Amino acid sequence: MKAWQLSRYGEPQEVLELAEVPQPSPGSGQLLVRVLAAAANFPDALMCLGTYQVRPPLPFCPGVELCGEVVAAGPDVTGFAAGDRVIGGTVLPHGAFAEYALMDAAGALPAPPGLDDAEAAPFYITYQTGWFGLHRRARLASGETLLVHAAAGGVGSGAVQLGKAAGARVIGVAGGPEKTAVARELGADVVVDRHREDFVAVVKEVTGGRGADVVYDPVGGDAFRKSTKCIAFEGRILVVGFASGDIPSAALNHALVKNYSIVGLHWGLYQQRDPGAIADCHAELTRLAAAGTIRPLISERLTLADVPDGLRRLAAGATIGRVVFLP
């Protein structure tokens, strides 16, 4: 089968090699799936660089998320049949940027029937991250104000939709006219172009000086630092990631004086600590998708050959919504 292989670390377009490799066999607790669509995620680019917290032994095929068709199951796996359409994470070194991949059967979920393969591929990480962040960690309530950074990005676009579904007023921050237009189309009530406007001033203006109740921050750096200047009394700043590459330090005395919380989200830990919660979340997200309340924003449907360039542009912040590769 064809698969992208990483045998050394560096920029995706420089180190990834498309190779013919043996088709993997599912082991205990695993599924072999034919990749229908593979989503590009920021961790994929970081794995190529060797800077992600998970570093599989070289060589390996990256790609942490997919929509696939079950081909075969490990000897102790039940509940799946050949042809089942599933979504979820992959078992590295047999990642999603290939014609076939391995999945952990315990983490494989049925693909929402109303979504096509490209839409289903990024459904798992985008909305699970958003739902656990907004509801489980930040306890977002109807009527509150939600500030979403990178609102036209992969996880940010999902947070905008989930915030609206929860009854919040959503302020989306994005860079440039194209991305701000997308954030507005996603349902954001107020959109800020960070290249032209100060989001702190806008948040204070539209909230009458109160500030945002919840901040969804997958960016870090200045986005986090400036968010502390417009967070409401008893507000919650949700730390989702550091796409800027700048991991900020928190001034805890400031959090104390202003009475706000800094809340971390490592969604992957729920897979280890509370997998039942992930299944319950998926059922709710599938319901929202069926109702048309949420739908992944797929900006590009590319081929397997486009993986290196797609990851390069994702890491550079040059993509909108989700980028998906269709083998």
Side-chain angles (χ1 to χ4, degrees), residues 41-43 53-54 64-65 88-89 107 109 122-151 153-173 186 188 203 210-221 223-228 230-244 247-252 254-256 258-288 293-294:
N41 283 278
F42 200 65
Q53 57 259 39
V54 177
V64 298
E65 182 183 30
L109 299 168
F123 189 80
Y124 184 60
I125 291 178
T126 295
Y127 293 106
Q128 288 269 346
T129 300
W131 193 94
F132 274 90
L134 295 176
H135 294 291
R136 184 91 172 224
R137 301 294 289 138
R139 304 292 180 184
L140 179 68
S142 178
E144 288 192 316
T145 297
L146 167 65
L147 173 64
V148 179
H149 289 292
V155 294
S157 60
V160 170
Q161 295 177 356
L162 288 171
K164 292 300 297 178
R169 175 170 58 168
V170 178
I171 303 173
V173 180
L186 287 166
V203 170
R210 184 175 184 278
D213 298 289
V214 175
V215 176
Y216 191 88
D217 180 19
V219 178
F224 173 86
R225 286 185 281 267
K226 293 176 68 175
S227 293
T228 65
C230 60
I231 188 71
F233 173 76
E234 292 194 329
R236 291 83 74 198
I237 299 178
L238 184 65
V239 179
V240 180
F242 310 103
S244 67
I247 301 176
S249 297
L252 297 184
H254 191 257
L256 182 152
K258 289 197 67 176
N259 222 68
Y260 64 85
S261 301
I262 301 167
V263 184
L265 173 67
H266 180 187
W267 168 74
L269 281 181
Y270 287 97
Q271 296 172 304
Q272 303 171 25
R273 304 291 183 88
D274 193 357
I278 289 182
D280 293 342
C281 173
H282 182 65
E284 173 62 14
L285 293 173
T286 299
R287 184 189 68 79
L288 291 173
T293 306
I294 60 174

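As the structure is a computational prediction, the values presented were derived from the model and not from experiment.
- Note that CZ of R139 and CG of D213 are 15.5 Å apart. Values are rounded to the nearest 0.5 Å.
- Of all the heavy atoms in V148 and G156, the pair that sits closest is CG1-O, 3.6 Å.
- The heavy-atom pair separating V219 from H149 by the smallest distance is CG2-CB, 4.0 Å.
- If you take CD1 on I294 and OG on S157, they are separated by 10.5 Å, rounding to the nearest 0.5 Å.
- Between V239 and D217 the shortest side-chain heavy-atom distance does not fall below 4.5 Å.
- Using modelled atom types, no side-chain atom of Q271 and backbone atom of G107 make a donor-acceptor pair closer than 3.5 Å.
- Atom CD1 of I231 sits about 11.5 Å away from atom CG of N259, to the nearest 0.5 Å.
- Looking at T129, its side chain never comes within 3.5 Å of a backbone N or O of T126 through a donor-acceptor pair.
- Counting only N and O atoms by type, the side chains of Y260 and H254 include a donor and acceptor under 3.5 Å apart.
- Taking each heavy atom of G221 and S244 in turn, the nearest pair found is N-OG, 3.7 Å.
- The shortest side-chain heavy-atom distance between Q161 and Y127 falls under the 4.5 Å cut-off.
- Between P248 and F242, some side-chain heavy-atom pair lies under the 4.5 Å cut-off.
- The distance from atom CG of L265 to atom OH of Y216, rounded to the nearest 0.5 Å, is 7.0 Å.
- Annotation: the span from T293 atom OG1 to R287 atom CZ amounts to 7.0 Å, rounded to 0.5 Å.
- Contact check for V54 versus V64: no side-chain heavy atoms found under the 4.5 Å cut-off.
- Looking only at side-chain heavy atoms (C-beta outward), T145 and V203 stay at 4.5 Å or farther from each other.
- A166 and H135 get closest at one heavy-atom pair: CB-CE1, 3.8 Å.
- Taking each heavy atom of P218 and A150 in turn, the nearest pair found is CG-CB, 4.2 Å.
- Proximity of R236 to V215: side-chain heavy atoms (C-beta onward) are nowhere separated by under 4.5 Å.
- A heavy-atom distance below 4.5 Å is found between the side chains of H282 and F123.
- The side-chain hydrogen bond (donor to acceptor under 3.5 Å, both in side chains) contacts involving residues 261-270 comprise Q128-W267, where partners must be two or more places apart or lie in separate chains.
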* R136 and D274: CA distance, side-chain angles, deciding distance, side-chain contact (heavy atoms from CB on, under 4.5 Å) verdict -> CA-CA 12 Å; R136 184 91 172 224; D274 193 357; 3.1 Å; yes

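- Nearest heavy-atom pair, I262 versus A250, reported as atom, atom and distance to 0.1 Å: CD1-CB, 3.6 Å.
- S227 places a side-chain heavy atom less than 4.5 Å from the side chain of L147.
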Stepwise side-chain contact (heavy atoms from CB on, under 4.5 Å) test for L140 and L162
CA-CA 10 Å; L140 179 68; L162 288 171; over 6 Å; no

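- Judged by distance alone, with hydrogens and angles left aside, the side-chain atoms of R137 form no donor-acceptor pair with the main-chain N or O of L134 at under 3.5 Å.
- A distance of 8.0 Å separates CH2 of W131 from CG of D280, quoted to the nearest 0.5 Å.
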